[in-house]
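The block underneath contains the structure these notes are about, expressed in structure tokens.
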Amino acid sequence: MSFKMSRLLAALATAGLLVACGEQALTATAQEPGSDTACALDGMVLLDFAGPKAQIQYAEGKADYYCDLMELFTVMLAPEHKRRIAGVFVQDMGKTAWDKPSGHWIAAKDALYVVGSKKQGSMGPTFGSFSDPAQAAAFAKAEGGKVLPYSQITAAMLDTGHAAGDMRH
């Protein structure tokens, strides 16, 4: 069976399970953070820092914002993360400026990530997020790193070699 066919069957099975359980698929839209929106992990004001931001929109209607993508993935890859998520969004760095990103939110699971570049976020090394494969590849060529889909991001990639107690949560 081809990889595409396997993915299609898995998606159909998931959709069938949701219908069978009587649950509605959760959907959300990204919200632009305000001038005082703080990071859910460290309280830093998002707009004070360079690099892509992220947000998780929860089913109960609340949102958590993150001042860089390393923090988002720290939360998303944590086994104890159990809240129902309606949507996860990152900024498309092919459409906004790294130094002062604004808007251009895309679904995190649809984005491509440049892992291991020399670009810095609010807390040091971070990932770049892109909707366009060519823009992601050009960024990786200019800044270093490797382009990966969401499904290939691992917790090991979050360890950038900083000393314990540095800025990662």
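Heavy atoms only: backbone and side chains are in, while hydrogens, waters and symmetry mates are out.
A donor-acceptor contact closer than 3.5 angstrom is absent between the side chains of Gln31 and Trp105.
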Chi angles and distances behind the ring-ring contact (aromatic ring centres under 6.0 Å, His included) call for Phe73, Tyr66: CA-CA 10 Å; Phe73 281 103; Tyr66 301 93; over 10 Å; no

Step-by-step side chain to side chain contact (heavy atoms under 4.5 Å, CB included) determination, Glu143 to Lys118: CA-CA 6 Å; Glu143 303 294 341; Lys118 60 187 173 189; 3.2 Å; yes

Pair Asp64-Arg83, side chain to side chain contact (heavy atoms under 4.5 Å, CB included): steps then yes or no: CA-CA 11 Å; Asp64 281 344; Arg83 290 172 69 187; 3.6 Å; yes

Evaluation steps, side chain to side chain contact (heavy atoms under 4.5 Å, CB included), between Ser131 and His104: CA-CA 10 Å; Ser131 63; His104 301 286; over 6 Å; no

Side chain to side chain contact (heavy atoms under 4.5 Å, CB included) assessment of Ile106 paired with Phe89: CA-CA 5 Å; Ile106 56 176; Phe89 303 94; over 6 Å; no

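Each of Glu71, Gln120, Met70, Lys119 was compared with Thr126 under the side-chain contact (heavy atoms from CB on, under 4.5 Å) criterion, and only Met70 meets it.
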Could you go through residues 43-54 and list every donor-acceptor pair under 3.5 Å that involves a side-chain atom there, pairing it with any protein atom two or more places apart or in another chain?
residue, atom, partner, partner atom, Å
Lys53, NZ, Phe49, O, 2.6
Lys53, NZ, Ala50, O, 3.2
Lys53, NZ, Gly51, O, 2.7

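Both Met76 and Leu41 are assigned to one and the same hydrophobic cluster, defined by single-linkage of ILVMFWY side chains at heavy-atom distances under 4.5 Å. Hydrophobic clustering (ILVMFWY, side-chain heavy atoms < 4.5 Å, transitive): Ile56 and Val90 are in one cluster. The cluster map of Ile, Leu, Val, Met, Phe, Trp and Tyr, joined by side-chain heavy atoms under 4.5 Å apart, puts Leu69 and Val75 in the same cluster. Under a hydrophobic clustering in which Ile, Leu, Val, Met, Phe, Trp and Tyr are joined whenever their side-chain heavy atoms come within less than 4.5 Å, directly or via other members, Val147 and Tyr150 fall into different clusters. In terms of hydrophobic clustering, with Ile, Leu, Val, Met, Phe, Trp and Tyr side chains grouped at heavy-atom distances under 4.5 Å, Leu148 and Phe130 are assigned to different clusters.
Using modelled atom types, no side-chain atom of Ser117 and backbone atom of Gly145 make a donor-acceptor pair closer than 3.5 Å. Side-chain N or O atoms of Ser129 include one that pairs as donor or acceptor with a backbone N or O of Gln91 at under 3.5 Å.
Pairing each heavy atom of Pro101 with each of Asp99, the nearest pair is CD-C, 3.7 Å. Nearest heavy atom pair, residue Thr154 against residue Leu77, reads C-CD1, 3.5 Å. Among all heavy-atom pairs drawn from Asp68 and Ser122, the shortest one is OD2-OG, 3.5 Å. What you find for Gln57 and Ala28 is that their closest heavy atoms are CB-CB, 3.7 Å. Scanning all heavy atoms of the two residues, the minimum distance from Ala30 to Gln55 falls at CA-OE1, 3.6 Å.
Once rounded to the nearest 0.5 Å, the distance linking CG of Leu158 with CD1 of Ile153 reads 8.0 Å. Atom CE of Met157 sits about 7.0 Å away from atom CD of Gln152, to the nearest 0.5 Å.
In terms of the salt bridge (charged side-chain N to carboxylate O under 4.0 Å, His left out) criterion, Glu80 has no residue partners (sequence neighbours excluded).
Taking the six-membered ring where tryptophan is involved, the planes of Tyr113 and Phe127 are perpendicular, since the angle between them exceeds 60° and thus also 30°.
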